[in-house]
Amino acid sequence: MAIKFGRPLERARPSPFEREAASEHRLDLAIRPRRNRRAEWVRRMVREHVLTTDDLIWPLFIVEGSNVRAPVASMPDVERLSIDQAVRAAVRAAELTIPCIALFPYTEPDKRDDFGSEALNQENLVCQAVRAIKKEVPEIGILCDVALDPYTSHGHDGLVRDGVILNDETVAVLVRQALVQAEAGCDIIAPSDMMDGRVGAIRAALDGAGFGDVQIMAYAAKYASAFYGPFRDAVGSAATLIGDKRTYQMDPSNSDEALREVELDIAEGADMVMVKPGMPYLDILHRVKETFGMPTYAYQVSGEYAMIMAAAGNGWLDGHKAMTESLIAFKRAGADGVLTYFAIRIAEKLKASGL
Ligand code: PBG
């Protein structure tokens, strides 16, 4: 008999809740998926995908100077780093067993021109950063973007004539940019320009110059996306970009075309392929992995990072949970790894949880 405030309660009939639970209302279900979710130990047992630090590639922005950590307004907690600071970041990444970092330069405005000449300077920021990091942290992989947009006065990834982005002329420059980066010690060349034929041309040039071991991760299916906005702030191309990139980056409406792009890059010699952006394109990621079975990466781009950080900053989302959920989604969709600005944060978290 239930006692409430010391007074025995007479109960004529069970509460509605008790009636729900009564056995005559029990569904005759042999199969109850919730059994496997009933406690953390069993959720761990049946878990299909796990995220580890091996899945992470950490993009870093490099800036001139020393001891500089310059915030990027649209990317909370992301800073442009001078080379000495980038070396420290690489040390930390290696300690956390992040296998690879990706380097992006902020080029000073006076070094930008119509042809992106600074991309071919062996002493440019990226090359210096590669050498400095390789010297101090030889065990970490370094990926370098191949495209001209951080270096051009018009902000495009290629050469422009009469408002048209030239394909074959651009590829000739990209090949030279790739060689300069390989010479500096870059491990993975990542063409992000979406010109036709660039992977094959770069592969041939690398092999011809004795860089047969340098890998190519092709930005194979890269969409003309609004989600790159904060990145363009970080590298300074938001201010320079004239027009948009829709004559070379893909139309967000297309999916079969992504498979053709990926197929071409594999045929031309890509060792790894990438889909970009990430979360809005998980369907593409899944199709690419299913179709080709290649090492396949997702780029969780700057705008995706900014959205989660902005919502978390306003108290609208639990930032840690949203970050973790977004990253496991890439694994579930088929990614072998993720380029993400959360890399260091999630690696710290994984380490703290003993993974
Ligand atoms: C340059 C490049 C871009 C990104 C990576 N490499 C921007 C663009 O294509 O305009 C975007 C990365 C991000 O948004 O985080 N070609």
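Counting convention: from 1, in listed order, for ligands and their atoms alike. When a residue number appears, it is its place in the shown sequence, counting from 1.
Closest to atom 4 (C) of ligand 1 by heavy atom, among His156, Lys276, Lys245, Met194, is Lys276.
Atom 12 (C) of ligand 1 has Phe231 CD1, 3.3 Å as its closest protein atom, hydrogens excluded (heavy atom only). In this structure, the protein non-hydrogen atom closest to atom 1 (C) of ligand 1 is Asp149 OD2, 2.8 Å.
Stacking of Lys245 on the aromatic ring of Tyr248 is not recorded, the 6.0 Å distance cut-off and the 45° axial limit not both being met.
Ligand 1 places these atoms under 4.0 Å from at least one heavy atom of Asp157: 16 (N). Under a 4.0 Å criterion applied to the non-hydrogen atoms of Tyr341, ligand 1 contributes the atoms 12 (C), 13 (C), 15 (O).
Both Leu282 and Ile346 belong to a common hydrophobic cluster when Ile, Leu, Val, Met, Phe, Trp and Tyr are linked at side-chain heavy-atom distances under 4.5 angstrom.
Counting only distance, with no hydrogens or angles, the side chain of Gln181 and the backbone of Asp145 share a donor-acceptor pair below 3.5 Å.
Taking a 4.0 Å cut-off on heavy atoms, Tyr305 fails to register as neighbouring ligand 1. Ligand 1 has no atom lying under 4.0 Å from any heavy atom of Gln300.
Results of the ring-ring contact (aromatic ring centres under 6.0 Å, His included) test with Phe231 over Tyr299, Phe61, Tyr341 single out Phe61 as the only residue that passes.
Surrounding CD of Glu257 are more than 12 heavy atoms belonging to other residues, nucleotides or ligands, all under 6.0 Å away.
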